[in-house]
Participant: 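Here it is, the structure, as structure tokens.
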Amino acid sequence: MSTFNKKLQSINMFSFSPCYLIAKCSAKLLGKVAIYLSFILSFSAIAGSSVWQVSKGEHTVYLAGTVHILPAEQFPLPDAFKKAYQASDAIVLETPLPDASDIAFQQKLLNAVSYQQGQKLTHYLTEETQQKLNDYFANFQLSLTQFQQFKPGYVATVMTMLAAKKAKLAGTGVDAYFEGQAKSDGKPMEFLESQAFQLALIANMGIGHEEVFIKATLSQMHEFAEMFSKLIPAWRFGDTELLNSLVVEPIKQEDPVNYHAVLTSRNKQWLPLIEQMFLDKDTEMVLVGVGHLVGEDSVLELLKNKGYQIKKLR
């Protein structure tokens, strides 16, 4: 195996949901690293969580906002997650999570995110941006030449995974944790999207505005640790305003195309699927990236506007 392939393998990016990778590729990404104790303690008096109970008549569905990479020290999860899981008959994830050993999936992903017919990412970037991107990869003993055959969404994904690994952030995300828990307990699992859908989503990210997309990603890499240090405590204590300002608003303002593709469009597609859950006797726990549950275009707002009763689980 080449040194390059070994480095990619060490990132273990395939252990993460493709949806998470998509979200992390956006202009502000989903977050940054390193949890500062002083910042976490400032939230200690706040009673809340990123889990909501949605009701209509006698029927209930739990919506839980997830972080797809979570440092080990953030376990155990807030009590609200345990309460929702125990009260549910099934869990619903965004998509089936790929197994790190699933070679067939890895090949599908590589085919989807690779340019064809001699195209290269460098064809769409200025010399200045190419140099900055090469400098970024040089920090990890890599080079732009090794990634120029890949589309911008995948390149941004690799950049984020490298930054997370450097910050010693690699860990089991909330989605993966509950997937494992459900398998262990024999609890049914359902999905909002197919892997094929999410592969197409990441393959199309940044296409048509590669220069802007890569420049935005490079810019955000400089703030990686600082952003994540705010994101995690805001998620743990359900600070929706801060989560909105960290996760949603930057994407909305800086990259409206991807804001629509990654968040609002999918939120609307999920709405009828979630509403259907109120028609059976089972209680579901729906786990989606927390960015889908905050802001004016969130799944929770869509449900609220349709008359569903919503309260935060504590």
Participant: What heavy-atom pair brings Val51 and Ala64 nearest, and what distance separates the two atoms?
Facilitator: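 Closest approach of Val51 to Ala64: CG2-CB, 4.1 Å.
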
Participant: Check the angle between the aromatic planes of His209 and Phe213 and answer parallel, tilted or perpendicular using the 30° and 60° thresholds.
Facilitator: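 Because their plane-to-plane angle is over 60°, the rings of His209 and Phe213 count as perpendicular.
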
Participant: With side chains defined as the heavy atoms from C-beta onward, is the minimum distance between Leu192 and Val288 less than 4.5 Å?
Facilitator: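 They are in contact (side-chain heavy atoms under 4.5 Å apart), so the answer is yes.
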
Participant: Are more than 12 heavy atoms, taken from residues, nucleotides or ligands other than His59, located less than 6.0 Å from that residue's NE2 atom?
Facilitator: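 Yes, enclosed.
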
Participant: So how far is it from Leu63 CG to Lys312 NZ, rounded to the nearest 0.5 Å?
Facilitator: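 It comes to 13.0 Å.
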
Participant: What distance do Gln181 atom CD and Lys82 atom NZ have between them, rounded to the nearest 0.5 Å?
Facilitator: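 One gets 9.5 Å once the value is rounded to the nearest 0.5 Å.
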
Participant: In this structure, would Phe105 and Leu93 fall into the same cluster of hydrophobic residues linked by side-chain contacts under 4.5 Å?
Facilitator: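 Looking at the clustering, Leu93 is in the same group as Phe105.
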
Participant: Do any N or O atoms from the side chain of Asn134 and from the backbone of Ser143 form a donor-acceptor pair under 3.5 angstrom?
Facilitator: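 Checked: no pair found.
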
Participant: Could you walk me through whether Glu241 and Asp239 pass the side chain to side chain contact (heavy atoms under 4.5 Å, CB included) test, one step at a time?
Facilitator: CA-CA 6 Å; Glu241 291 188 7; Asp239 188 334; 3.9 Å; yes

Participant: Using the side chain to side chain contact (heavy atoms under 4.5 Å, CB included) rule, take Val286 and Glu190 through it: C-alpha gap first, then chi angles, then the decisive distance, then the call.
Facilitator: CA-CA 9 Å; Val286 181; Glu190 302 171 9; over 6 Å; no

Participant: Can you name the nearest heavy-atom pair linking Asn244 to Pro250, along with the distance?
Facilitator: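 That would be O-CD, 4.1 Å.
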
Participant: Is there a side-chain contact between Tyr62 and Leu287 (heavy atoms, below 4.5 Å)?
Facilitator: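 They are not in contact (no side-chain heavy atoms under 4.5 Å apart), so the answer is no.
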
Participant: Is there a side-chain contact between Thr264 and Arg266, using heavy atoms and a 4.5 Å cut-off?
Facilitator: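 Answer no - side chains too far apart.
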
Participant: Does Gly289 offer a backbone N or O that forms a donor-acceptor pair with the side chain of Glu94 under 3.5 Å?
Facilitator: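 Present.
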
Participant: Give the intermediate values and the outcome of salt bridge (charged side-chain N to carboxylate O under 4.0 Å, His left out) for residues Glu210 and Lys151.
Facilitator: CA-CA 9 Å; Glu210 291 84 354; Lys151 297 176 183 178; over 6 Å; no

Participant: After noting the C-alpha distance and the side-chain angles of Asp297 and Tyr259, does the key distance pass the side chain to side chain contact (heavy atoms under 4.5 Å, CB included) rule?
Facilitator: CA-CA 10 Å; Asp297 299 314; Tyr259 173 72; 2.6 Å; yes

Participant: Minimum heavy-atom separation for Asn111 to Gln116, with atom names?
Facilitator: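 What the structure gives for the nearest pair is O-NE2, 3.8 Å.
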
Participant: Whether the side chain of Arg236 engages the backbone of Ser50 through a donor-acceptor N/O pair (distance < 3.5 Å, no angle test) should be reported.
Facilitator: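 No.
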
Participant: According to a hydrophobic-cluster definition based on side-chain heavy atoms being under 4.5 Å apart (Ile, Leu, Val, Met, Phe, Trp, Tyr only), do Ile202 and Val212 belong together?
Facilitator: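 No; tracing contacts between hydrophobic side chains, which count when under 4.5 Å, never links both residues.
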
Participant: Grouping I, L, V, M, F, W and Y whenever their side-chain heavy atoms are under 4.5 Å apart, do Val257 and Tyr124 come out in a common cluster?
Facilitator: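 No, separate clusters.
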
Participant: For residues Leu142 and Leu162, determine if any side-chain heavy atom of one lies less than 4.5 Å from a side-chain heavy atom of the other.
Facilitator: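 A side-chain contact under 4.5 Å exists here.
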
Participant: For Trp52 together with Phe81, are the ring centres under 6.0 Å from each other?
Facilitator: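 Between Trp52 and Phe81, which both carry aromatic rings, the centre distance is not below 6.0 Å.
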
Participant: Rounded to the nearest 0.5 Å, what separation is found between the CG atom of Asp79 and the CG atom of Leu313?
Facilitator: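 Rounded to the nearest 0.5 Å, the CG-CG separation comes to 9.5 Å.
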
Participant: Determine whether a donor-acceptor pair (N or O, by modelled atom type, separation under 3.5 Å) exists between the side chain of Glu211 and the backbone of Thr126.
Facilitator: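 At least one qualifying donor-acceptor pair exists.
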
Participant: Do you know the tightest heavy-atom contact between Asp89 and Pro188?
Facilitator: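 Heavy-atom minimum between the residues: O-CD, 3.2 Å.
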
Participant: Whether Lys56 engages the ring of Phe278 as a cation-pi pair (distance to the six-membered ring centre under 6.0 angstrom, angle to the ring normal within 45°) should be assessed.
Facilitator: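 Negative - Lys56 is either too far from the ring of Phe278 or too far off its axis.
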
Participant: Which value, rounded to the nearest 0.5 Å, describes the distance between Asp175 atom CG and Thr66 atom OG1?
Facilitator: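 Answer rounded to 0.5 Å: 3.5 Å.
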
Participant: I'd like to know if Leu271 and Leu293 are part of one continuous hydrophobic network [Ile/Leu/Val/Met/Phe/Trp/Tyr, side-chain heavy atoms within less than 4.5 Å].
Facilitator: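 The answer is yes; both residues are in one hydrophobic cluster.
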
Participant: Would you check if the distance from the ring center of Tyr177 to the ring center of Phe75 is below 6.0 Å?
Facilitator: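 Under 6.0 Å, so yes.
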
Participant: To the nearest 0.5 angstrom, please state how far the CE atom of Met189 sits from the CD atom of Glu284.
Facilitator: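 Answer rounded to 0.5 Å: 14.0 Å.
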
Participant: Regarding Ser265 and Gln269, is there a side-chain donor-to-acceptor distance under 3.5 Å anywhere?
Facilitator: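 Ser265 vs Gln269: donor-acceptor pair found between side chains.
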
Participant: I need the Lys183 NZ to Ile91 CD1 distance, nearest 0.5 Å.
Facilitator: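 Interatomic distance, Lys183 NZ to Ile91 CD1, rounded to 0.5 Å: 9.5 Å.
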
Participant: Treating Trp235 as the side-chain partner and Gly65 as the backbone partner, does any N or O pair qualify as donor plus acceptor under 3.5 Å?
Facilitator: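 Yes; at least one donor-acceptor contact below 3.5 Å.
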
Participant: Could you check whether any side-chain heavy atom of Phe178 comes within less than 4.5 Å of a side-chain heavy atom of Leu77, counting everything from C-beta outward?
Facilitator: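 The answer is yes, as the side chains (C-beta and beyond) meet within the 4.5 Å cut-off.
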
Participant: Taking all heavy atoms of His123 and all of Gly118, pick out the closest pair and write down the distance.
Facilitator: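 In terms of heavy atoms, the two residues are closest at CE1-O, 3.3 Å.
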
Participant: Counting C-beta onward and ignoring hydrogens, is there a side-chain heavy-atom pair between Leu70 and Ile232 closer than 4.5 Å?
Facilitator: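 Side-chain contact under 4.5 Å: yes.
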
Participant: Within the 4.5 Å heavy-atom criterion, are Val155 and Phe137 side-chain neighbours or not?
Facilitator: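 In short, these two side chains touch, coming nearer than 4.5 Å.
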
Participant: Give a yes or no answer on whether the side chain of Asn258 reaches the backbone of Ala261 with a donor-acceptor pair at less than 3.5 Å.
Facilitator: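 It does not hold such a pair.
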
Participant: Sub-3.5 Å donor-acceptor pair from the side chain of Ser88 to the main-chain atoms of Ala84, do we have one?
Facilitator: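 Yes, because the side chain of Ser88 sits within donor-acceptor range (under 3.5 Å) of the backbone of Ala84.
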
Participant: Ignoring hydrogens and angles, tell me if any N or O in the side chain of Ser114 forms a donor-acceptor pair with the backbone of Leu110 under 3.5 Å.
Facilitator: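 Yes; judged by distance alone, with no hydrogens or angles, the pair exists.
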
Participant: Determine, step by step, whether Phe150 and Tyr115 satisfy the ring-ring contact (aromatic ring centres under 6.0 Å, His included) criterion, reporting the C-alpha distance in whole Å, the side-chain angles of both residues, the deciding distance to 0.1 Å, and the verdict.
Facilitator: CA-CA 6 Å; Phe150 296 119; Tyr115 281 111; 9.0 Å; no

Participant: Can you sort out the partners of Glu296 under salt bridge (charged side-chain N to carboxylate O under 4.0 Å, His left out), two or more places apart, ordered by chain and number?
Facilitator: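 Listed in chain order: Lys252.
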
Participant: For Tyr154 and Leu109: C-alpha separation, side-chain torsions, deciding distance, then whether side chain to side chain contact (heavy atoms under 4.5 Å, CB included) applies.
Facilitator: CA-CA 9 Å; Tyr154 183 78; Leu109 174 59; 4.2 Å; yes

Participant: So, the side chain of Gln309 versus the backbone of Val54: is there a donor-acceptor pair under 3.5 Å, distance only?
Facilitator: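 It does not hold such a pair.
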
Participant: Atom NZ of residue position Lys187 - does it have more than 12 heavy atoms of other residues, nucleotides or ligands inside 6.0 Å?
Facilitator: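 Yes, because the 6.0 Å sphere around NZ of Lys187 holds more than 12 heavy atoms from other groups.
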
Participant: In the structure I gave you, are the side-chain heavy atoms of Trp270 and Glu193 within less than 4.5 Å of one another anywhere?
Facilitator: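 Yes - at least one pair of side-chain heavy atoms lies under 4.5 Å apart.
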
Participant: Of all residues at least two apart in sequence or in a different chain, which pass the salt bridge (charged side-chain N to carboxylate O under 4.0 Å, His left out) check with Lys83?
Facilitator: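 Lys83 satisfies salt bridge (charged side-chain N to carboxylate O under 4.0 Å, His left out) with no residue once adjacent residues are dropped.
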
Participant: Going by the side-chain contact (heavy atoms from CB on, under 4.5 Å) test, name the single residue among Gln148, Gln131, Gln130 that passes it with Leu125.
Facilitator: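 The passing option is Gln130.
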
Participant: Heavy atoms only: give me the nearest Met159-Leu218 pair and the separation to one decimal.
Facilitator: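 Shortest heavy-atom separation between Met159 and Leu218 comes out as CE-CD2, 3.6 Å.
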
